[in-house]
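Chain letters run A, B, ... following the sequence lines, proteins first and then strands; every chain starts at 1. Side chains included, hydrogens not; waters and symmetry mates left out as well; all remaining heavy atoms used.
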Amino acid sequence: MPELPEVEVIRRALAPLVVGRTILEARIVEPRLTRRRGTPEAVAATVVGRRIRALRRRGKFLVFDLGADSLVVHLGMTGQLLWCEAQHGFRPDGHTHAHFGLSRGGLLAYRDVRKFGELFVVPARTVDSALDVGLEPLDPVFTAAALGGLCRGCRGRIKALLLDQRRIAGIGNIYADEALFRAGIRPTRRASSLRAEEIRALRRGIRAVLEAGIRHRGSSISDFRDPSGEPGRFAPLHRVYRRHGRPCVVCKTPVRRIVLGQRGTHFCPACQR
DNA sequence: CGGACAACCTGGTTGC
DNA sequence: TGCAACCAGGTTGTCC
């Protein structure tokens, strides 16, 4: 569910609501949430009493800046962060695994059907090393030269490179397929075989599709919701993702689906070489 | 290093 | 209608 655009949509919606508020209460009821590091009790004890200074995004991670420490949230496949302006309107269901009561009555709930998401606290100055993710594709540092360098140093397939969070941060299965379609590149190509012109097209395709995803408030296949519970509107605009068997929007050739690295992979066999 | 695979979870869809 | 099989936006660990 949540790739870079969805996480960014959540960040933009949540930041004006939570920044400046103090965490008054933290309830983490599903211990799996903190499996990576810490315990529910330790995380809760660290965040209570702290003011949220900023809300940032790094790849698919949301980072709540609490001063000396940062609270990090990853939404896995089905994680949601839902906002309740008034705490008495909070109606947790069986999939609501944590909630945070904030000053001025706000409440932030974490809901996650499949429980692949996680939540942990790290010292603020160690966030970067703890997350260990690569280039932000929407940052100025993500140049054609930078992407070219990654491609040259990679013997695998280009789609695998796009999905490798330690090289490029935030691209998931939907946006990888969509970016490769826009660039006219077959997902099975060896990354090191891309020519300079293809690398420029890929960089453009990646940025364009991520920006479009954000502009349309995310891709909701089934679970994605923004903090107010609204689904995104980008899914109907996907050009290849889960459109196998249907005509390519450009050339009418049927879109194909293959499995690459255990992930469903969609492309137009005519447009993508 | 790359690739194949299983595992972690739950629910929706498909096909017999 | 019932039920099994398969699929899913992600990540990690193991093995070869």
Quick one: do [X] and [Y] make a salt bridge, cutoff under 4.0 Å?
X: A:R190; Y: A:E198; answer: no
X: A:D69; Y: A:R50; answer: yes
X: A:K115; Y: A:E30; answer: yes
X: A:K60; Y: A:E3; answer: no
X: A:E25; Y: A:R27; answer: yes
X: A:R11; Y: A:E8; answer: yes

In whole angstroms, how far is the [atom2] atom of [N] from the [atom1] atom of [X]?
X: A:L62; N: C:dG10; atom1: CG; atom2: C1'; value: 15 Å
X: A:Q165; N: C:dT12; atom1: CD; atom2: C1'; value: 13 Å
X: A:E3; N: C:dG10; atom1: CD; atom2: C1'; value: 9 Å
X: A:D177; N: C:dA8; atom1: CG; atom2: C1'; value: 13 Å
X: A:N173; N: C:dT11; atom1: CG; atom2: P; value: 11 Å
X: A:R263; N: C:dT11; atom1: CZ; atom2: C1'; value: 9 Å
X: A:Y241; N: C:dC7; atom1: OH; atom2: P; value: 12 Å
X: A:L119; N: C:dT11; atom1: CG; atom2: P; value: 16 Å

| said: Surrounding CZ of A:R125 (heavy atoms of other residues, nucleotides or ligands, distance under 6.0 Å), is the total greater than 12? | reply: no
| query | Hey, do the aromatic rings of A:H99 and A:Y110 have their centres closer than 6.0 Å? | reply | no
State, without any angle test, whether [X] and [Y] hold a side-chain donor-acceptor pair at a distance under 3.5 Å.
X: A:K159; Y: A:T188; result: no
X: A:S219; Y: A:Y175; result: yes
X: A:H266; Y: A:D177; result: yes

| request: Only counting residues at least two apart or in another chain, list the ones meeting side chain to side chain contact (heavy atoms under 4.5 Å, CB included) with A:F142. | output: A:L135, A:P137, A:L147, A:I168, A:R203, A:I206, A:R207
| task | Taking side chain to side chain contact (heavy atoms under 4.5 Å, CB included) as the test, write out the residues that go with A:D93, two or more places apart. | result | A:H95, A:T96, A:R111
Which protein N or O atoms sit under 3.5 Å from an N or O of nucleotides 13-16 of chain C?
none

| Reading DNA chain B 5' to 3', how would its secondary structure be written in dot-bracket notation, given Watson-Crick and G-U pairs with both distances under 3.5 Å, brackets [ ] for crossing pairs and | for partners on other strands? | .|||||||.|||||||
| query | Which is true for A:R242 with a 4.0 Å heavy-atom rule: it touches a base, it touches only sugar-phosphate, or it touches nothing? | reply | sugar-phosphate
| query | When all nucleic acid strands are considered with a 4.0 Å heavy-atom cut-off, which category describes A:R166: base, sugar-phosphate, or nothing? | reply | nothing
| query | Where along nucleotides 2-7 of chain B does protein come under 4.0 Å, by heavy atom, of base (B) or sugar-phosphate alone (S), with - for untouched nucleotides? | reply | SSBB--
| message | How would you summarise protein contacts on nucleotides 9-16 of chain B per nucleotide, using B for base, S for sugar-phosphate only and - for none, with heavy-atom distances below 4.0 Å? | response | BBS-----
| message | Can you confirm if the NZ or CZ of A:R37 lies within 45° of the ring axis of A:F120 and under 6.0 Å from the centre of its six-membered ring? | response | yes
| task | Between C:dC3 and B:dC8, how far apart are the P atoms? Round to whole Å, please. | result | 25 Å
